[in-house]
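What follows is one structure encoded as C-alpha cells, with my remarks underneath.
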Amino acid sequence: MESVFTVNGKNIKFTFTPDERLLFTLRENGYTEVKNGCQEGECGACLILLDDKPVNSCQVLTASAIDKNIKTVKGIGDLHSPHIIQRAFVETGAVQCGFCTPGMIIATYALLRDNPNPTEEEIKNALDGNLCRCTGYVKIIEAVQLAAERMKNRELE
Amino acid sequence: MKDLNWYFPKSIAEAVDLVQQGKILPHAGGTGLLPRGFTGIGGLIDLSRLPLHYSKIENGSVEIGSMSTYAEVVSALMAINPEHILVKSLRNSANTPLRNRITIGGSIAFFPPWSDLMGALLALEAKLVLVGKNSGEFSVTDYVTNKTLREKSLITAVKFNLSNLRSYHYRDIRTKSDYPAFNITILLKQSMNKIENSRVIIVGTVKKYSRLTTIEEYLKNRDVGKINIEEIEKLVEVKFAGKRIDDPEYSSYLAGVELGRGIEQLLRGH
C-alpha cells in the first residue's frame, strides 16, 4: 500500500504492508524518536499524537492512520529548539537512559494542553500508559509540574 | 500479507455492503484485532470515516456512536454523572493511550474475558443498534448469546437509560494497566430501608460472564439491616476457567469476597 501521511506538519509518502503497524512504518522512514518497546501498548515508548490524541503507535495499523495527523516528539521540539517540557525533563533529572522520554514528553504535552494545572494525581493518571525503569517516576512528576509552572508563566508574560 | 485488502467506506450503507461479503472484518480501534492476528481475514473495513463518533444524552436516555472511544465515553458521562457505572468501569481500563483507541463498538464485538465494558452494559440492560443482516435494536444480552445476531452485521450505536441505580465496579488486577482476571459490576436501587432492585454481573467466568440472579433474588425487597454479607459471599457460584493469573478456585473465592465488599460499600457507604 502507498499513501501520503502528515507527520509533524509535513506531507510524506509511505509504502507499507496492509498489516503493518504505524510504529514500524514511522521508524523505517527515519522517525526513530518513536521507540520500539513492548509492542503491546503497555509501555508507552512508541507514543505519538494521532489527530492530537496520545496513542501507542504499536497498536495502530498504518492503513487506519491514512488522512490523519501524526505528531512525534520531534514535532514538539528538538535539540535546536527544545520545548519547555523537554527542558524541564532535562533540568529535573527526569531523563536517565532516555528510552521512555519521547513517550513521556508526548503524554505530558497532551496533558498540559488539556489541563494546564494538573494535580499530582492527574499527572499520574495521564502518564499511566508510560513506563520508566530508571527514575522511579519522582523526577518525571517534578518535570511535569515544572513544565506546567513555566508554561503558565509564559502565558502570563 | 499482500492479500489483505483495506476498504474505506464513506457511508454506513457502503460499510454494510462490505460486511455482507463475509471474511471482511470491521476495523474500529484495532486493539482487539492485533493480538488476534489476520488469519482467515480477507479484508478490513476502516470505520473511522463513518458518522459513528458521537454521544447524545437527552431526557434521561443515552446513545453512544459505536466508534466512540473509552476516553470519549468517560468524558461525556463524567459531565453528567461522575458516579455512572461506565465512568467507574472505563476510566481505569487499560491506560490513557489505549483508552484513546479502544472503541465501544469494537469492544462489544470482540468481548474479551477481561472486558471492562461488558459487565456495565449487561447490568444497564443496554441495547445495541445493528445494521446489515440483522437490522434493529437488540439487547446486549441477546447479542452476546446469539451468534447469528453477530453475523454480517455492524453495531452503529449503544443505548441505555441514565438510571438512578447506585453502582459499584471492581477490577481484579495485579498491576494497574494489566488485564483484569475478572470484573464485578453491581447496580442497586434502594428505597428507604429496602433494596428494590439489583443487577450483579461478573465478567471473566468460564461462560464469559455470569449474571448472579441468586444474589439479586436474595437482595430483592430485603431490609438493609437484614442483609448478611457472609451469606451473600456463600451464594456466589461462579466458575473460572483458565489459570492465567490465579487458580480458578481462588478466583471464585476472591470474587465472592469482593462482591460482598461491593454490596457492603453500596449499602453502608464504606
Side-chain angles (χ1 to χ4, degrees), chain A residues 1-3 15-24 34 37-69 103-104 106-111 114-115 118 121-131 137, chain B residues 1-10 24-50 53 67-72 74-75 78 87 90-103 106 173-179:
Chain A
M1 295 175 81
E2 200 173 76
S3 191
T15 304
F16 54 93
T17 60
D19 61 343
E20 191 166 310
R21 300 175 188 215
L22 189 53
L23 163 67
F24 299 111
V34 183
C38 67
Q39 297 182 25
E40 290 181 348
E42 291 284 333
C43 77
C46 67
L47 212 64
I48 56 159
L49 293 177
L50 187 65
D51 279 351
D52 290 330
K53 302 272 187 209
V55 300
N56 301 298
S57 58
C58 72
Q59 295 299 296
V60 177
L61 287 167
T62 305
S64 73
I66 292 173
D67 293 338
K68 293 186 171 57
N69 262 308
M104 291 285 182
I106 292 275
T108 305
Y109 181 86
L111 166 69
D114 299 338
N115 179 4
E121 194 58 30
E122 287 167 338
I123 294 170
K124 286 179 183 170
N125 283 339
L127 269 54
D128 66 355
N130 295 77
L131 299 183
Y137 302 99
Chain B
M1 200 70 177
K2 283 181 183 165
D3 46 355
L4 180 73
N5 294 311
W6 276 85
Y7 303 90
F8 300 93
K10 289 193 173 64
I24 304 180
L25 280 191
H27 174 281
T31 51
L33 184 68
L34 288 167
R36 176 206 179 275
F38 303 94
T39 311
I41 299 176
L44 291 170
I45 309 164
D46 182 271
L47 303 178
S48 67
R49 289 157 179 80
L50 305 182
H53 212 94
M67 281 297 283
S68 303
T69 63
Y70 277 15
E72 288 164 341
V74 170
S75 173
M78 189 81 153
V87 174
L90 299 186
R91 75 176 160 207
N92 292 320
S93 182
N95 56 43
T96 299
L98 285 173
R99 287 193 296 275
N100 283 330
R101 197 66 192 162
I102 304 171
T103 64
I173 50 166
R174 295 296 175 266
T175 59
K176 196 174 180 186
S177 61
D178 204 350
Y179 298 106

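Residue numbering restarts at 1 for every chain, and letters A, B, ... go by the order of the sequence lines. These numbers come from a predicted model, not from an experiment.
Heavy atoms of A:A63 lying under 4.5 Å from chain B belong to its backbone as well as its side chain. Proximity to chain A (any heavy atom under 4.5 Å) is restricted, for B:L44, to the side chain, taken from C-beta onward. In this structure, no portion of B:R91 lies under 4.5 Å from any heavy atom of chain A. No part of A:I106 comes within reach of chain B, as not one of its non-hydrogen atoms sits under 4.5 angstrom from that chain.
Annotation: the span from A:S57 atom OG to A:L49 atom CG amounts to 11.0 Å, rounded to 0.5 Å.
You'll find the side chain of B:L4 reaches within 4.5 Å of the side chain of B:I41, heavy atoms only. At a threshold of 4.5 Å between non-hydrogen side-chain atoms, the residues A:N115 and A:E122 count as touching. A 4.5 Å side-chain heavy-atom check between A:L127 and A:M104 finds at least one atom pair inside the cut-off.
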